[in-house]
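Naming: A, B, ... by sequence-line order, numbering from 1 per chain. Heavy atoms only: backbone and side chains are in, while hydrogens, waters and symmetry mates are out.
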Amino acid sequence: MPRTRLTLKGVDLRERPLPNRDSRSTMSFNKLSPRRLAILTLTAALLLLVTACLPDRPQSTFGPEGKIARDQLHLFQFIFWIAVIVFVAVEGVLVYFIFKYRRKAGDTTLPPQIHGNNRLEIAWTILPVFILAAIAIPTYRTIADHKDPPEGDALKVEVIGHQWWWEFRYPDLGVVTANEMHIPINKTVVVDLESQDVIHSFWIPKLAGKTDVVPGRINVMWLVADKEGNYYGQCAELCGLAHAQMRFRVISHTQENFDKWVKGQTTAPPQPAANSAAARGAQTFVTKGCLACHTISGPDAPGVQEGRAQGFEQGRAVFPAPNLAYFGDRGTMAAGLFDLTEDRLAKWLQDPDELKPGNRMAELAQAYADPGSKLSDADIEALVAYLMSRQAVKN
Amino acid sequence: MATIAGGMKGRSILRRPTGTEGIWGWITTVDAKRIGVLYGVTALIFFIAGGLEALIMRVQLASPEQNITSPETFNQLFTMHGTTMVFLVIMPLNAAFFNFVMPLQIGARDVAFPRLNALSYWLFLFGGLFLHVSFIAAGPPDAGWFSYANLTERPFSPENGIDYWILSLQLLGVASVLSSLNFIVTIINLRAKGMSFMRLPVFVWMTFVVAFLLVLAMPVITIGLVLLMFDRFTGTSFFIPSGGGDPVLWQHLFWVFGHPEVYVLILPPMGMVSEILPVFSRKPLFGYKFVVLAGIFIGVTGFTVWSHHMFSVGLGPIANTYFATATFLVGVPTGVKIFNWIATLYKGKLTFETPMLFALAFVALFTIGGISGVMHASPPTDLQQTDTYFIVAHFHYVLFGGAIFGMMGGLYYWFPKVTGRMLNETLGKLHFWFMFIGANLAFFPMHFSGMAGMPRRIYTYDSDLGVGWLNMISTVGALIMGASFLFLVYNILHSLKKGKAAGNDPWDGHTLEWSVSSPPPIHNYDEIPTVRSNRPYWDQKHPELAEHGVPPPPPAPRKNKHIALPSPSYWPIVLAAGMTIAAFGALYHETILPVLPIGLSIAVIATYAWVLEPPIAKQAEGHH
C-alpha cells in the first residue's frame, strides 16, 4: 500500500519531532486539576446526554427525519456549541474567582477598591453583540428558507384541531380521516391548520416544529418526510382536560403505497353480511345515536363538523367527532393513545372516561349521558365487530 | 392640619388609632417596615402553597402513565402554581424588600404615601386569599398562568374558577400599580441630601425600574382581563372567533404585560445580588453605572420582545424576525450585568456567609437560564422547544435559580436588620446546599426531557417517550428542594427567639440601612444623613478611602425633637375589604346581586373616611 505523505510546507509531518505530549499534559493537569476535571466532566456528561441518549425516542427532536426538523436541529446545534463555550467561559471564570479570591484566615485588610474599567465595559458590551449576530444570521436564513414551500408538486392537507383529536382532510383527494395522517415520502406536504374550538398546536418532533392551530385563522406550514415511518405527534398547546392525550401519528409511505392508501379510502368498504355481529353493530350505531357526531361512510359533508362545533357552543349535546368510515384500518385509537385492538375498543365503548378522562364522548353522547341508553355487552360486541369491519377493500 | 383635625373632633370613627401594639397595631399600621414584614410573611406562606402544588405535580410525573392526580386536578395545580409563584410569592417578596430596605437605603423615614402603601398590602393579601377561595367555592382555575383565550371562554370553561382568577388578578393589579406609584414618588422625592440618582444603591435603582415597568405593564393585562370578563359575564366576543373576536389578541395583551412582568420578577433580585456581592467581596460593585444602565435597558427592552412567546402562533416571518432580533438584544445588557458581578469578585477578599452563597448561585444559575433563553430566541429552534419542558427548565433557571436564589440571599442578608437577630449559619448553609443540589437535579434534566419531546402541561406521558428516568430525577430533585425549605422555616423560627444578636452592622455593610439599629427605630433616622457616594456608610467607616471625602457626621439629635410620622389608620384595610367584597359580588352577580353594591359602598365610605381623617392622631401629637 503506498504511503500517503502528510506534508506541511514541504516538511513531512511524520518526521517532525513531536513535542513531549505526556509531560505537557501532566503539568497542566497538576496545576488546575480539580477545576479542570470538573469542567471536563460536566462537558462530557452534557455530550453524553445529548448525543447518546435521545435521538431514537419517538418524539426526540434530536432524531429528525425531514428537512424542517433537520434544519431546526442544525441551527440548534450551532447555537448549542456557542452556548457551551459561553457557559464554560463564564462559569469557569466565576468558579475560578471563587477559589482564587477567598479571604485567607485572619486577613482583615481591605482588597484594592476597584470601581470599574471602562475599556472592559465596552469590550464586554461589544463581545455579546458579535456572538448574538453570529446566531442571528443563520436564524434569519432558516426563517427565510422555511417561509414558503419549495416550488413544484405538493400534497395539500387540511388539519383541523378538535378537543381532543385531530381531523385530516385531503381536499384534492376526497379523503377525510382522523388521528393518523398519511403522506408520501420526499414530497412537500403543505398543511393548512384550523381549529373549530380552542387553540391547539400541531407538532411532529421528528418532522417539524410547532405551528399553532388557532380558531378563526388558517395557519400554513409545510413538511417533508425523508423515509417511510410512523411518527409521533402531539398537541403542544394546553387545550383543556385531555390535552395530554391529544396525540396523533404521521405515517409516511412511498408514493406508490400512498396512492394505494388513497384508493382504499375512496372506495366504499363492503357492507357487513346480513345477521352478522357487524350488521347488528351497524344498527346499534344508528339507534344509540353515534351518528349524531360520527360520520360512518365517506368523507363528512361540507359544513357538518362546523355545525356540530357551533351546536356545542350553543349548549347542544353534540361535538365534532372522528370520521369512522375506515376505522378498522387504523393502527391506533383515541387520538394516538393506544394501539387499536378489539379488547381496547370494547373497553373504550364501555367507559371512555376510564381510558381518556375528560373526553367529549363520555360527556355528551346519549349512550353515556343517559342511563336509559346505556350500551349492553351485546351492543358493545356488535359495535366492535362493526367498527373493526370498516376497512378499505384490500387490493 | 389643625383645623381639619379640630373639625373632626368628637367623631370617634375618624379619630386615628395610635396604638402600635398587638394585632390592631399590625392591622392599622402604615409603617413601611412593618408592611414589608407583612408582605414577606404572607409571601412565604403562599410560597409553601405554591411549592406543595409543584411537589404534587412532580410526584404525578415521576413515572410515565401514573394516575395520582386526575387531569383536572393537574391542570388546576399548574395554573395555581404559576399564578401563585408569580403574583403571590415573587412579586410580594420583592415588595417586602422594597418596603423594608428601600426607604432605609435612600435615607427616608417612610414611603411617600404610607396609607396607600398599607392599602397595597391589604389588596394583595385579599386578592391572594380571593384566588384561594376558589379551592372551596368553585374549583380553582385550570387554564394555565397565562390562561389563553378562548379556552377561558364560557363554552370551554363553564366553571367559576376562571372568574376567580380574573378578579383576583384585577385586585392584585391595583395593589401593584398603587405600590409602584408610591415607590416612584418615594425614590424621586425622599432621597437624603446628596443622594443623587447615580448614588442610589443598585437595589433602589432596580426598585425604581420595576415600579415603572409595573405602572406601564399592569394596565395592559387589566384591559385584557376586563375584556375577558365582559366575554364571560355579558356575552361579548372579544376573544371568540365565531363572534368576530380573536383569541390571539389575548396573547398580545397578556405578553405585552407578561414579558415586562418577567423582568419585574428578576430585576429586584438582581439588585439584591448587586448589594450582596460587593459587601462579601469587600469591594465596591464593579461598573456601578453600567450595571444600572443595563438594568434600565433590560427594563425598556422588556416592552419590545413580547411576541417571542408567540413564535408558533403564525405571526409571519417578518414579525418573528423582528422579535427574535429584539430578544437577542436583551442578551447584551444581561451579559453586561453578569460580567460586572463576576468582575466584582476580582481581587476581592471573599467570604462565604449564606447570603453570599445564594448570590453566587444566583449568578451561576441565572447564567444558565440566560443561555437557554438565547436558544429559543431563535424562532426556528424555538418551534421545537416552545411549550416543552425545555421552556420549563429555562424559566425555572431564571425564576428559581435566579429570582428565588437572589431573594433567599436577600432574606439572609437583611433578616438581621429586620429582626435584630442573625439567622443560623449552619442551618443556612444546609438550606443552601440542599436547595442548590435539588434545584439543579430538578430543572437541569428538564432541558433533555423537553428536547426529547415532552410537552409541558401534560398530566401524563407515554413510557414510549423514554423520558421516565429524566422525570424521576426531576422529581427527586424537587423533593430535595422542598426539604431544603424546612431548614429555612426552622431557621427563621429558631433565630427569631434564640438567634445571635445582630448589632447594627453584622456584615460590614456599604449602605445606609446598616448605620441604624437592628431593628431600626420607627422613624429610621434621628437625623437624615448626607451622602457623597454610593457607599455612604462604608465611607463613614473608612474615611481614608472615601472617594469624595466624608460628610461631617450628622449633628447629635436635639433632645425631644418632634419627628412627625403619620398615625396608623383603619381605612386602608376597610377599603381593600370593600373592593374584595365587590369582586365577590361581581363574580356572583347573577345569584346574589346586592353584594356588589354593598362592597362598592364600603369602598366609597372608606375612601371618604380616608380623605377626611386627620393626618396625625390628636393624641399622638407632641410625642417623640
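The heavy-atom pair separating R217(A) from G314(B) by the smallest distance is NH1-O, 4.0 Å. Contact record, G144(B) with L238(A): N-CD2, 3.9 Å, taken as the closest heavy-atom pair. Shown here for P241(B) and G216(A), the closest heavy-atom pair between the two residues is CB-CA, 3.8 Å. Closest non-hydrogen pair, N150(B) versus D197(A), comes out as ND2-O, 2.8 Å. Taking both residues in full, the closest heavy atoms of F97(A) and I342(B) are given as CD2-O, 3.3 Å, listed atom of the first, atom of the second, then distance. The two residues L383(B) and W203(A) come nearest to each other via the heavy atoms O-NE1, 4.5 Å.
F352(B) touches chain A through its side chain: at least one heavy atom from C-beta onward sits under 4.5 Å away, while N, CA, C and O do not. With a threshold of 4.5 angstrom between heavy atoms, L545(B) approaches chain A through side-chain atoms but not through N, CA, C or O. Residue W250(B): no heavy atom, backbone or side chain, is found under 4.5 Å from chain A. For chain A, the nearby part of Q251(B) is the side chain; its heavy atoms alone come within less than 4.5 Å. Neither the backbone nor the side chain of E153(B) comes within contact range of chain A; no heavy atoms are under 4.5 Å apart. With a 4.5 angstrom heavy-atom cutoff, S281(B) touches chain A only via backbone atoms. Proximity to chain A (any heavy atom under 4.5 Å) is shown, for H447(B), by neither the backbone nor the side chain. Only the side chain of Y148(B) comes within contact range of chain A, judged by heavy atoms closer than 4.5 Å.
Note on W341(B), F311(B), Y346(B): by heavy-atom pairs under 4.5 Å with chain A, the leading option is Y346(B). Interface summary for chain A: among K349(B), M310(B), M356(B), the most heavy-atom pairs under 4.5 angstrom belong to K349(B). Counting heavy-atom pairs closer than 4.5 Å to chain A, the top residue among T152(B), L151(B), T321(B), N67(B) is L151(B). Considering only heavy-atom pairs separated by less than 4.5 Å from chain A, the leading option among P247(B), S70(B), P71(B), S312(B) is S312(B). Chosen from V248(B), I338(B), V467(B), V374(B), the residue pairing most often with chain A at heavy-atom distances under 4.5 Å is V248(B).
A salt bridge is absent between R57(A) and D464(B): the closest approach of a Lys/Arg side-chain nitrogen to an acidic carboxylate oxygen does not fall below 4.0 angstrom. Salt bridge K210(A)/D387(B): absent, no basic N to carboxylate O contact under 4.0 Å. One finds a salt bridge joining R247(A) and D462(B) here, because a Lys/Arg side-chain nitrogen approaches an Asp/Glu carboxylate oxygen to under 4.0 Å.
Side-chain contact between V90(A) and F339(B): present, with at least one pair of heavy atoms (C-beta onward) separated by less than 4.5 Å. Inter-residue side-chain proximity for F290(B) and N118(A) is flagged as met; some heavy-atom pair is nearer than 4.5 Å. Using a 4.5 Å heavy-atom threshold, the side chains of F156(B) and E313(A) count as touching.
Note: W124(A) and F286(B) have tilted aromatic rings, judged against thresholds of 30 and 60 degrees for the angle between ring planes.
Close approach to chain B, defined as a heavy atom under 4.5 Å from one of its heavy atoms, is seen in T109(A), L110(A), P111(A), P112(A), Q113(A), I114(A), H115(A), G116(A), N117(A) of residues 109-117 of chain A, taken by number.
Judged by distance alone, with hydrogens and angles left aside, the side-chain atoms of N219(A) form a donor-acceptor pair with the main-chain N or O of V313(B) at under 3.5 Å. Under the 3.5 Å distance criterion, the side-chain polar atoms of S378(B) are left unmatched by any main-chain donor or acceptor of T139(A). Formation of a donor-acceptor pair under 3.5 Å by the Q384(B) side chain with backbone atoms of P205(A) is found in this model.
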